[in-house]
Amino acid sequence: MGGMTAPLPSRTFQPVLERIAEELERRPGRGRPADYIPALAAVDPGRFGMAVAEPDGTVYGVGEWRQPFSTQSVTKVFTLALDLAREGDELWEHVGREPSGNPFNSLVQLEYEHGIPRNPFINAGALVVTDRLHTRTGDAAGTLLDFLCAESGNPQLSFSKEVADSEAAHGDRNAALGHFMASYGNIGNPVPVLLDQYFRQCSIEASCADLALATGFLARHGIRADGTRLLTRSQAKQVNAVMLTCGTYDAAGDFAHRVGLPGKSGVGGGIIAVVPGRCTLCVWSPGLDERGNSVAGVAALDRFTTLTGLSVF
Ligand code: GLN
């Protein structure tokens, strides 16, 4: 199969997933789980699951693809889409869409860029998006959870109070980002209210199957699982583009080089990715590299696009 470039028919997704899992099994060195959120530190870095969903909701998986894990920053794709659907282009006056070239929790650009974060996926930008979604809905985290339950078809998805509390107890850096942006007038809610929403958002637990399905609207150019439209085709393109350029932070160039797909990582070890019009993927393995991206997750997506020839390029 190596070297094949023509897209394969979908019935071959299962063997491809099994081959990737087998290859990764033999690969040593899987990074370390995030330890700045103590509740995440105890997870075994060797765990692995991967799922592929087709636009019609057919899903394939391997390994622990039905095991719920801490979604963390993967949720930032969904809050972006939910807010963009409500407010449209005005959002882009409050958050940019340029790669930051800095770590996800960095403060450095915020002062000289007057409290406007570079993009919606670094923590500063995600806080702005959640703040704006909260203003519009009165419950950003609840709106997000309802959306994920609906799109995945899994009503059991939930917040982890343990993870949210653990992050809140070690949340000085996110609090600093929130207060700093509030000083520029770029946060509308009281910062403690925003942080509570943001930590609950990040604490949602879902499996690879759930997230691959929930990402389906981005492969369907903005259409939700029930056939209604969330985003215009153009907005779906915008979300995919910002995932490609900013979804893995200061490793986005390397991710595009290796994987060639819009993708979004989280420090729980999950990564979602989109092949527009074709399928969505989610891979989970909690061992992270120094930029906060799953080592086995990036490797698995790299192998997937290499083996199948499915990529946006
Ligand atoms: N909750 C994490 C944080 O704010 C999310 C970061 C991530 O997944 N990259 O630090």
Side-chain angles (χ1 to χ4, degrees), residues 31-41 43 45 68-80 95 99-108 110 117-131 133-134 140-141 144-145 148 159-181 187 191-192 194-206 208 211 215 242-243 246-252 254-255 263-273 282-295 297-298:
R32 290 159 46 95
D35 54 10
Y36 76 101
I37 303 173
L40 298 181
V43 188
F69 61 88
S70 191
T71 56
Q72 296 296 322
S73 288
V74 169
T75 58
K76 294 170 182 176
V77 170
F78 305 102
T79 47
L80 172 64
V95 63
S100 72
N102 283 310
F104 64 83
N105 55 5
S106 172
L107 283 135
V108 293
L110 270 184
R118 274 284 172 106
N119 67 66
F121 294 152
I122 52 172
N123 285 13
L127 285 164
V128 168
V129 172
T130 297
D131 177 62
L133 184 62
H134 193 60
L144 167 66
L145 184 63
L148 292 175
F159 302 110
S160 163
K161 187 164 161 27
E162 189 206 345
V163 172
D165 288 351
S166 180
E167 188 163 7
H170 297 82
D172 291 331
R173 187 170 271 266
N174 284 318
L177 290 167
H179 285 292
F180 196 62
M181 291 189 292
I187 295 294
V191 173
L194 168 59
L195 292 173
D196 176 60
Q197 288 289 320
Y198 174 77
F199 294 144
R200 289 204 301 135
Q201 162 185 336
C202 292
S203 82
I204 291 175
E205 306 206 325
C208 291
L211 290 173
T215 308
V242 83
M243 286 171 74
C246 311
T248 45
Y249 315 111
D250 44 340
D254 187 59
F255 185 85
K264 180 78 205 79
S265 63
V267 293
I271 307 178
I272 56 172
C282 180
V283 57
W284 170 62
S285 187
L288 307 180
D289 62 22
E290 62 288 351
R291 283 145 167 189
N293 300 313
S294 168
V295 173
V298 177

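These numbers were taken from a predicted model, which means no experiment stands behind them. Whatever order the structure lists them in is the order used to number ligands and atoms, beginning at 1. Numbers here simply count residues along the sequence, with the first being 1.
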From the list Lys76, Glu167, His134, side chain to side chain donor-acceptor pair (under 3.5 Å) with Tyr198 holds only for Lys76

Within the 4.0 Å heavy-atom cut-off, what Arg173 brings close to ligand 1 is neither

What protein heavy atom is closest to [atom], reported as residue, atom name and distance in Å?
{"atom": "atom 4 (O) of ligand 1", "value": "Tyr198 OH, 2.6 Å"}
{"atom": "atom 3 (C) of ligand 1", "value": "Glu167 OE2, 2.9 Å"}
{"atom": "atom 10 (O) of ligand 1", "value": "Tyr36 OH, 2.5 Å"}

N/O to N/O below 3.5 Å, does that happen between [X] and ligand 1?
{"X": "Val267", "result": "yes"}
{"X": "Lys76", "result": "no"}
{"X": "Tyr249", "result": "yes"}

All heavy atoms of Gly297 vs all of Ser285, minimum pair found to be N-CB, 4.5 Å

For Gly247 and Lys264 the tightest heavy-atom approach is O-NZ, 3.0 Å

inquiry  = For the backbone of Val74 and the side chain of Thr71, can you confirm whether one donor and one acceptor N or O come within less than 3.5 Å of each other?
reply    = no

For the side chain of Thr75 and the backbone of Gln72, is there at least one donor-acceptor N/O pair under 3.5 Å apart?
yes

Closer than 4.0 Å to some heavy atom of [X] - which atoms of ligand 1 meet that?
{"X": "Gly266", "answer": "8 (O)"}
{"X": "Cys202", "answer": "1 (N)"}
{"X": "Asn174", "answer": "3 (C), 4 (O), 10 (O)"}
{"X": "Gln72", "answer": "1 (N), 2 (C), 5 (C), 8 (O)"}

To atom 8 (O) of ligand 1, the nearest of Ser73, Ser166, Gly292 on a heavy-atom basis is Ser73

Note to self: Parallel, tilted or perpendicular: which one describes the rings of Phe69 and Trp284, with boundaries at 30° and 60°?
What the structure shows: parallel

_If the contact criterion is a heavy-atom separation under 4.0 Å, does Asn123 count as touching ligand 1?_
yes

Tested for side-chain contact (heavy atoms from CB on, under 4.5 Å) against Asn102, the lone hit among Val108, Leu107, Asp250 is Val108

message: Side chains of Asn123 and Asn174: any donor to acceptor distance under 3.5 Å?
response: yes

